Peer 1: 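Structure provided below as structure tokens; questions to follow.
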Protein chains: 2
Amino acid sequence: MVGIREVAEVAGVSMSTVSQVVSGNRPVSAATRARVEAAITHLGYRAHPGASQLRGGRTGTIALIVPTLENPFYPLVAAGMQDVLVPRDILLTVTDASGMDRSTNAIHRLLSRRVDAMVAAPFGIPAAGLAELHDAGIPFVTLGEEPPGGGDYVHSDDVRGARAVTEHLIARGRRRIAFLGGEESVIPTQQRLEGYRAALQAAGLPLRDDDVVFTEYTRQGGRDGAALLLERDERPDAIVAANDLIAIGVLDVTRARGLRVPEDVALTGYDDIDAASLVSPPLTTIENPAREIGRACARLLLERLDGDVTEVTRAVALSNRLVVRDST
Amino acid sequence: MVGIREVAEVAGVSMSTVSQVVSGNRPVSAATRARVEAAITHLGYRAHPGASQLRGGRTGTIALIVPTLENPFYPLVAAGMQDVLVPRDILLTVTDASGMDRSTNAIHRLLSRRVDAMVAAPFGIPAAGLAELHDAGIPFVTLGEEPPGGGDYVHSDDVRGARAVTEHLIARGRRRIAFLGGEESVIPTQQRLEGYRAALQAAGLPLRDDDVVFTEYTRQGGRDGAALLLERDERPDAIVAANDLIAIGVLDVTRARGLRVPEDVALTGYDDIDAASLVSPPLTTIENPAREIGRACARLLLERLDGDVTEVTRAVALSNRLVVRDST
DNA sequence: CTGAAAGCGCTTACAG
DNA sequence: CTGAAAGCGCTTACAG
């Protein structure tokens with residue numbers, strides 16, 4: 001392998017000078033620089049990341065931990081992060097935490113690898129994992145909710161989105177609107193529920209406890225929840241699902257029962273994943289800007305890494321918008 | 001930071017011994033091992049990856065380059081790779097090459113980072129990129145087709161899959177079956193066409209040139225191809241689409257023309273992406289095991305890295321299976 | 001089974 | 001603006 005030494009020899013300068021040219025950490029005369037650069041090109045020199053890391057401290061790697069890679073929302077977050085990271089020549093490593101017994105393992109593993117920073121969806125990350133992250137003292141951003149103890153986070157305005165979608169149903173004449181959430185404990189569920197409630201309240205519609213059902217953020221979760229909601233005597237005339245996958249599960253049930261959407265029951269999703277426009281009928285939903293969210297995460301991290309941030313917590317709220325399709 | 005030196009002090013042994021305990025590269029007495037392990041736990045020691053890398057040579061990182069993260073097939077490949085890589089404590093870095101002018105940049109960048117191995121979808125990777133990869137001498141695997149010049153690759157058995165889906169249509173009584181392929185030049189297209197032909201031939205059905213149309217592997221490609229096939233006087237009574245996205249494009253056209261699927265024309269896809277079961281009618285298709293493909297890629301790489309492989313080229317063909325739904 | 005020492009390829013004070 | 005030298009935290013021959 002060709003190293004800094006070979007380059008220095010060919011260029012007729014010291015190893016320090018080669019290092020300065022590569023890193024730009026101190027001024028080098030134009031003539032010297034040109035000679036060094038010529039030698040680098042000629043020899044095909046590539047810095048050894050391990051060596052730089054050992055001295056410089058940083059690995060140039062940022063990690064993303066997601067609950068699952070099967071929900072297409074998360075790969076898009078990864079793509080957004082890359083939009084920002086690639087120009088800075090930072091590597092992104094993505095971990096699907098669903099396979100590991102506990103995401104704590106993922107955090108631990110990534111910390112051992114000395115990643116420079118991390119973004120994680122906090123859902124299901126046990127407190128111990130978050131604590132370890134805190135102790136490590138590296139910049140990190142959470143997705144969707146503020147980490148306990150404070151820290152940067154990025155979310156789209158869930159209260160507003162859920163409110164918009166519910167108001168849309170009310171405007172369409174629906175009166176008995178149910179809410180089908182994912183896991184009750186996570187903040188996005190709570191905020192979407194809050195938006196739903198706010199819309200009903202503003203319209204003077206009653207809030208009924210049994211119109212709110214919690215399940216999982218999956219297609220199967222949607223099936224389970226829909227089974228509950230739709231077997232009642234007094235069926236809702238609309239369902240606000242907390243994400244598209246849940247809504248798609250609801251469609252499975254309406255189809256099986258011969259219910260027409262939207263005639264018998266109107267339905268809305270959340271996120272606007274590709275599938276939302278492919279199902280039949282295509283879903284009215286809230287566009288959740290996954291890629292933008294990824295970009296924002298990466299930017300927050302980079303600012304911390306660049307050291308010009310003093311605030312403990314910064315929140316980035318991205319706006320979302322209603323996409324009306326045939327399911328309402 | 002606590003390093004090997006601190007651990008050695010606390011355990012009352014030399015730094016070498018600590019290193020041996022951590023790496024397992026040479027036998028250590030049980031008593032010593034226990035003392036060292038206690039010290040490691042007590043101090044919370046984590047090896048510095050940069051230092052190990054500088055000596056040991058490997059970064060413990062494997063890269064995956066995909067044409068896009070927006071096609072849900074690829075994130076699943078990534079998830080499959082992780083299934084295999086995580087237990088070996090190897091990091092996966094995923095690059096979406098769509099953003100970069102040329103994937104060559106991605107390859108170059110990853111090589112600079114000294115990733116230990118790489119898997120890439122060869123579609124659209126220019127020869128220069130592949131050549132650089134070859135020169136780097138690191139193990140790599142391609143997706144779907146053999147890399148020019150030879151090397152490991154993983155694909156599902158496309159001939160067999162396409163044959164199965166075509167035989168299924170014949171069994172359903174279809175006689176005039178068209179093939180709607182993606183780009184003619186890529187191997188998967190050629191193999192799926194071969195399977196389709198084999199099925200017709202075995203059934204004694206004629207092969208007509210004008211029943212074979214090539215387009216792009218996209219929804220729009222499907223629309224374009226369907227427009228050609230369905231405007232003829234003698235319409236086919238079935239269409240074998242070379243992937244699900246194409247089939248979904250066909251559905252757009254049948255819907256617009258008031259043709260019923262499967263009554264007027266039966267339709268099959270390929271891949272079984274989520275959307276295949278979401279469209280109406282849901283598609284009969286061939287399940288292309290993305291996650292399994294990812295696992296196989298990782299295993300091939302690991303075997304090379306472990307050094308017990310001498311063959312230049314190894315091909316892994318994964319079996320796929322017919323999924324029958326309402327479109328046939 | 002264990003230790004002392006060299007060295008992996010860089011970066012960064014320290015000098016000039 | 002440039003160079004010589006120390007050292008980052010490990011691993012691995014080399015000895016014993």
Side-chain angles (χ1 to χ4, degrees), chain A residues 1-40 43-61 89 91 111-116 136 305 307, chain B residues 1-40 43-61 89 91 111-116 136 305 307:
Chain A
M1 279 318 302
V2 16
I4 221 174
R5 164 181 288 113
E6 286 71 30
V7 175
E9 257 166 39
V10 170
V13 298
S14 71
M15 285 167 48
S16 337
T17 302
V18 176
S19 175
Q20 317 306 341
V21 169
V22 172
S23 69
N25 284 344
R26 91 182 175 190
V28 176
S29 78
T32 309
R33 167 180 302 277
R35 281 215 314 288
V36 171
E37 279 169 350
I40 286 176
L43 296 172
Y45 166 75
R46 282 199 251 260
H48 186 116
S52 326
Q53 202 182 117
L54 190 52
R55 290 300 330 239
R58 287 201 182 152
T59 55
T61 301
D89 197 28
L91 226 52
L111 251 22
S112 293
R113 295 308 221 88
R114 301 280 214 277
V115 297
D116 295 334
L305 251 12
Chain B
M1 278 318 304
V2 17
I4 221 174
R5 162 178 290 109
E6 286 71 30
V7 175
E9 258 166 38
V10 170
V13 298
S14 73
M15 284 167 52
S16 339
T17 300
V18 176
S19 175
Q20 317 306 344
V21 169
V22 172
S23 68
N25 285 343
R26 93 181 175 190
V28 176
S29 76
T32 309
R33 168 180 302 278
R35 281 218 312 289
V36 172
E37 280 169 350
I40 286 176
L43 296 171
Y45 166 75
R46 280 198 253 259
H48 186 118
S52 327
Q53 201 181 119
L54 191 52
R55 292 298 330 236
R58 290 206 178 144
T59 53
T61 301
D89 198 27
L91 227 50
L111 252 20
S112 293
R113 293 310 219 87
R114 300 281 212 278
V115 297
D116 295 333
L305 252 12

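Each chain gets a letter, A, B and so on, in the order the sequences are listed, and its residues count up from 1. Just so you know, these numbers use all the heavy atoms, side chains as well, and skip hydrogens, waters and symmetry mates. Everything numeric in this text was worked out from a predicted model, so none of it was measured.
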Peer 1: In whole Å, what is the span from the CE atom of A:Met15 to the P atom of D:dA5?
Peer 2: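 Result: 12 Å.
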Peer 1: In terms of side-chain heavy atoms of A:Ser14, which of C:dG3, D:dA4, D:dG9 is nearest?
Peer 2: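 Closest nucleotide among those given: D:dA4.
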Peer 1: With sugar-phosphate meaning primed atoms plus P, OP1 and OP2, does A:Val13 contact a base, only sugar-phosphate, or nothing at under 4.0 Å between heavy atoms?
Peer 2: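 Counting heavy atoms under 4.0 Å across all strands, the contact made by A:Val13 is with sugar-phosphate only.
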Peer 1: Measure the distance from CZ on B:Arg46 to C1' on D:dC10 and round it to the nearest whole Å.
Peer 2: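 Nearest whole value for this atom pair: 17 Å.
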Peer 1: Separation of A:Arg5 atom CZ from C:dG7 atom C1', in whole Å?
Peer 2: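 Atom CZ in A:Arg5 sits about 10 Å away from atom C1' in C:dG7.
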Peer 1: Can you check the A:Gln20 CD to C:dA15 P distance for me, whole Å?
Peer 2: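 Rounding to the nearest Å, CD of A:Gln20 and P of C:dA15 are 17 Å apart.
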Peer 1: What nucleotide among C:dC1, D:dT11, C:dC10 has an atom nearest to a side-chain atom of B:Ser52?
Peer 2: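 Of the candidates, D:dT11 comes closest.
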Peer 1: Counting Watson-Crick and G-U wobble pairs only, both distances under 3.5 Å, name the nucleotide matched with C:dA4, or none.
Peer 2: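 Partner of C:dA4: none.
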Peer 1: Starting from C1' on D:dT11, measure out to CZ on B:Arg58 and report it in whole angstrom.
Peer 2: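 Value for this atom pair: 15 Å.
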Peer 1: Base, sugar-phosphate alone, or nothing: which one does A:Ser16 contact when heavy atoms must sit under 4.0 Å apart?
Peer 2: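 Counting heavy atoms under 4.0 Å across all strands, the contact made by A:Ser16 includes a base.
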Peer 1: Find the distance B:His48:NE2 to D:dT11:P and express it as a whole number of Å.
Peer 2: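 Distance check: B:His48 NE2 to D:dT11 P gives 11 Å.
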Peer 1: Could you tell me the separation between the CZ atom of B:Arg33 and the C1' atom of C:dT2, rounded to a whole number of Å?
Peer 2: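 The distance from CZ of B:Arg33 to C1' of C:dT2 comes to 13 Å, rounded to the nearest Å.
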Peer 1: Look at all strands and tell whether A:Ser23 reaches a base, only sugar-phosphate, or nothing, counting heavy atoms closer than 4.0 Å.
Peer 2: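 The residue A:Ser23 makes no contact with any strand.
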Peer 1: Nearest 0.5 Å, please: how far is CZ in A:Arg113 from CG in B:Leu91?
Peer 2: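 Rounded to the nearest 0.5 Å, the CG-CZ separation comes out at 4.5 Å.
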Peer 1: Where the side chain of B:Leu54 is concerned, which of D:dC10, D:dG3, C:dC8 is the nearest nucleotide?
Peer 2: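 Shortest atom-to-atom distance from the side chain points to C:dC8.
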Peer 1: Quick one: label B:Ser29 by what it contacts on the DNA or RNA (base, sugar-phosphate, nothing), any heavy atom closer than 4.0 Å.
Peer 2: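 Touches sugar-phosphate only.
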Peer 1: Does a side chain donor of either B:Thr17 or B:Ser14 reach within less than 3.5 Å of an acceptor in the other side chain?
Peer 2: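 Checked: B:Thr17/B:Ser14 side chains pair up, N/O donor to acceptor below 3.5 Å.
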Peer 1: Can you name the closest pair of heavy atoms from A:Arg35 and A:Gly12 and give their distance?
Peer 2: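 Residues A:Arg35 and A:Gly12, closest heavy atoms: NH2-O, 4.0 Å.
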Peer 1: Work out which heavy atom in B:Arg33 is nearest to a heavy atom in B:Val28; give both atom names and the distance.
Peer 2: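 That would be N-CG1, 3.8 Å.
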Peer 1: Could you check if a side-chain atom of A:Leu111 sits within less than 4.5 angstrom of a side-chain atom of B:Arg46, using non-hydrogen atoms only?
Peer 2: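 Heavy-atom side-chain distance check passes, below 4.5 Å.
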